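Worksheet for the structure shown next.
Chain A is the first sequence line, chain B the second, and so forth, proteins listed ahead of strands; every chain is numbered from 1. None of the values given here were measured: they were computed from a predicted structure.
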Amino acid sequence: MLDFRDVVERLDEVRAGLGRRGAVPEGFDRIVSLVAERRTAIIEGESRKRALNEASAAIGKLPKGSAEQLEAREKARALGDEARGFDARQKQIEAEIEGLLAHVPNVPAADVPDGASEHDNRELRRWGQRPAFDFAPRDHHDLGEHLGILDFERGSKLSGARFTVLWGAGARLERALINFMLDLHLNEHGYKEVYTPFMVKRAALFGTGQLPKFEPDVFRIGASEEREDDLFMIPTAEVPVTNLHGDEILEGASLPRKYVAYTPCFRAEAGSHGRDTRGLIRQHQFDKIELVHLEAPEASEGGHERLTAAAEQVLQRLGLHYRVMLLCSGDMGFGAKKTYDLEVWLPGQNAYREISSCSNYGDFQARRANLRYRPAGDVKAKPRLVHTLNGSALAVGRTLVAILEQYQQADGSIVVPEALRPYMGGLEKITRA
RNA sequence: GGAGGCGUGGCCGAGUGGCUUAAGGCAGCGGCUUGCUAAGCCGUCGUAGGGGAAACUCUACCACAGGUUCAAAUCCUGUCGCCUCCGCCA
């Protein structure tokens, strides 16, 4: 969420930034008068409260039940009523401001290119070579079924469309990828591993910006006899991990906090009917390794580059050809200031597909989740909001897809990337069972 | 699932309607002192929102949300969390 004081102070600038992503809400400029009204309500309310406090102290010193005390009580009661009136007014205005801002996305960073859709994203670089085949490459769906490691029919029998069962070497490959990625980030990139709940409260989803705007995309466990409040299945580890230090004040010296988490992710995929219905690309449940940074504001840009590099390293170790895209203003997620997508080459689709998204959120999520730090070496300094960053490193299911498709052989078997063999009991090739 | 208890500042802990702008201690921070030695002394020591050029000042916050009252950490209601015992359970 944007800071309403900042919005008022830099109204034209913020409006222009939001305009770049086509997200200036109706009546946006009304915020200026709302903030002014809020201030008036505070000043008036506080003056009544002060008078009331003084009056109450005086009443205590008057003889109990005396005529003058009764009279003073009447006057104090009136003050209290007035104070409550201004308080209510203040709350109402603040709710209006929040209502206005809760649906407003972040302002894009200056170096984010203008654009309306993914077609306007800018390719920054490519790594590796497209694998060349002297046969027609198959897609992972066919390969997986042929090998008996992907079972789409039984997934849908159990749970419906967009669920898949993995068998044998497929299941083991999934697990190997999880462990390989975690170990890489732990041992070589300095991340701390964290294991979190997979169901979270509404407040956590608000903190990272999925709510209130994107509730249809999230699976919700409604109230029941067991619980009166709602829980939501996490759509990404970003939600529990970023919110870990919500309402805390961290020591500046402890920044950056770099966390890596494995979690399954659950997405309703509302509005994506008919898209990527074949194969593993778009599932209701998938595994992901997520990197999250909490950084001092001045360090977040550098942190974003390092986080992205860590994600790229996974693809490089696995020998998977990919490219890096800088997303344009219109294609970024709700809370992001700047986003790099890693797109892996999928021979079966003859296309690059997103396998990781690495974003700098600035203080947008931190304000919602109340994530703060005290600048190092200055005990008098006011707490400041951290910057939050996150990125997938990587989406496990799509990595498995990329391995099947890039490492496929003419006979339909799959060569296991060398980096994964220690995690696969030395297995060098997946063949038909 | 049953029964009971408890939630006060970074920590410990006092506080059952006005003398609490939350006592006292510990830790932290700043300084003084250092021959009296795992020390002493003085000061400082929360968060947020207002006002003010500033010094400073006001308002709110004792798990959270409501309520009673001129006045609530204190009384009432609801919620959440934690603890103990019993039962059940991977």
Please set out all donor-acceptor pairs under 3.5 angstrom arising from side-chain atoms of residues 258-265 of chain A, sequence neighbours excluded.
| unit_1 | atom_1 | unit_2 | atom_2 | d |
| --- | --- | --- | --- | --- |
| A:K258 | NZ | A:H189 | O | 2.8 |
| A:Y259 | OH | A:H245 | NE2 | 2.7 |
| A:Y259 | OH | A:R257 | NH1 | 3.0 |
| A:Y262 | OH | A:D287 | OD1 | 2.8 |

Quiz item: Distance between the C1' atoms of B:C11 and B:U69, in whole angstroms?
Solution: 35 Å
Quiz item: Now, which nucleotide makes the Watson-Crick or G-U wobble pair with B:U34, with each of the two distances under 3.5 Å?
Solution: none
Quiz item: Base, sugar-phosphate, or nothing for A:L70, non-hydrogen atoms under 4.0 angstrom?
Solution: nothing
Practice problem: Quickly work out the A:Q69 CD to B:G18 P distance and round it to whole Å. | Solution: 14 Å
Self-check item: Integer angstrom distance from the C1' of B:A72 to that of B:A22
Solution: 13 Å
Quiz item: What is the base-pairing partner of B:C88, counting Watson-Crick and G-U wobble geometry with both distances under 3.5 Å?
Solution: none
Quiz item: A:F334 pairs by ring-ring contact (aromatic ring centres under 6.0 Å, His included) with which of A:F364, A:F206, A:Y361?
Solution: A:F364
Exercise. Could you check which nucleotide pairs with B:U68 in any of the strands shown, counting Watson-Crick or G-U wobble with both distances under 3.5 Å?
Key: none
Exercise. Using the P atom as the reference point in each nucleotide, state the distance between B:G24 and B:U44 in Å, no decimals.
Key: 12 Å
Quiz prompt | Qualifying residues under side-chain hydrogen bond (donor to acceptor under 3.5 Å, both in side chains), relative to A:K288, sequence neighbours excluded | solution = A:T236, A:E290
Quiz item: How far does the P atom of B:C61 sit from the matching atom of B:U21, given to the nearest Å?
Solution: 12 Å
Self-check item: Inter-nucleotide P distance (B:G13, B:A65), Å rounded
Solution: 25 Å
Practice problem: By nearest nucleotide on RNA chain B, pick out whichever of A:A58 and A:A55 is the more 5' one. | Solution: A:A58
Self-check item: Distance in angstrom units between A:E248 CD and B:U47 P, rounded
Solution: 15 Å
Exercise. Let me know the distance between CD of A:E74 and P of B:A71, rounded to the nearest Å.
Key: 11 Å
Quiz item: Can you give one letter per nucleotide of nucleotides 48-64 of chain B, 5' to 3': B if a protein heavy atom sits under 4.0 Å from the base, S if only from the sugar-phosphate, - if neither?
Solution: SBSS------BBS----
Using residues 291-298 of chain A as the side-chain source, report each donor-acceptor pair under 3.5 Å to any protein atom, sequence neighbours left out, with the distance given to one decimal.
| unit_1 | atom_1 | unit_2 | atom_2 | d |
| --- | --- | --- | --- | --- |
| A:H293 | ND1 | A:E295 | OE2 | 2.9 |
| A:H293 | NE2 | A:Y191 | OH | 2.6 |

Quiz prompt | Integer angstrom distance from the C1' of B:U79 to that of B:G30 | solution = 44 Å
Pairs under 3.5 angstrom, nitrogen or oxygen only, protein versus nucleotides 66-69 of chain B, please.
| unit_1 | atom_1 | unit_2 | atom_2 | d |
| --- | --- | --- | --- | --- |
| B:G66 | OP1 | A:K91 | NZ | 3.2 |

Quiz item: Quick one: salt bridge (Lys or Arg N to Asp or Glu O under 4.0 Å) partners of A:E301, sequence neighbours excluded?
Solution: none
Exercise. Starting at CG of A:L100, measure out to CE of A:M1 and round the result to the nearest 0.5 Å.
Key: 11.0 Å
Quiz item: Which base sits across from B:C56 as a Watson-Crick or G-U pair, both distances under 3.5 Å?
Solution: B:G51
Exercise. State the pairing partner of B:C80; accept Watson-Crick or G-U wobble contacts with both distances under 3.5 Å, and report none otherwise.
Key: B:G7
Exercise. Output all residues satisfying salt bridge (Lys or Arg N to Asp or Glu O under 4.0 Å) with A:R162, sequence neighbours left out; order by chain, then residue number.
Key: none
Exercise. For nucleotides B:C36 and B:C41, find the distance between their C1' atoms and express it as a whole number of Å.
Key: 15 Å
Self-check item: A:D217 bridged to A:R267 by N-O distance under 4.0 Å
Solution: no
Practice problem: Rounded to the nearest 0.5 Å, what's the gap from CD1 on A:I403 to CG on A:L143? Could you check? | Solution: 13.0 Å
Quiz item: Just how far, in rounded Å, is P of B:G18 from CG of A:L52?
Solution: 16 Å
Quiz prompt | Euclidean distance, atom CZ of residue A:R48 to atom P of B:C70 [Å, nearest integer] | solution = 19 Å
Self-check item: Under the salt bridge (Lys or Arg N to Asp or Glu O under 4.0 Å) test, residues paired with A:E96 that sit two or more places apart
Solution: A:R30
Self-check item: B:G10 versus B:G66 - spacing of their P atoms, nearest Å
Solution: 22 Å
Quiz item: Listed by chain and number, what are the salt bridge (Lys or Arg N to Asp or Glu O under 4.0 Å) partners of A:R202, not counting sequence neighbours?
Solution: A:E215, A:D230
Practice problem: Any strand is fair game: report the nucleotide pairing with B:C29 by Watson-Crick or G-U wobble, both distances under 3.5 Å, or none. | Solution: B:G43
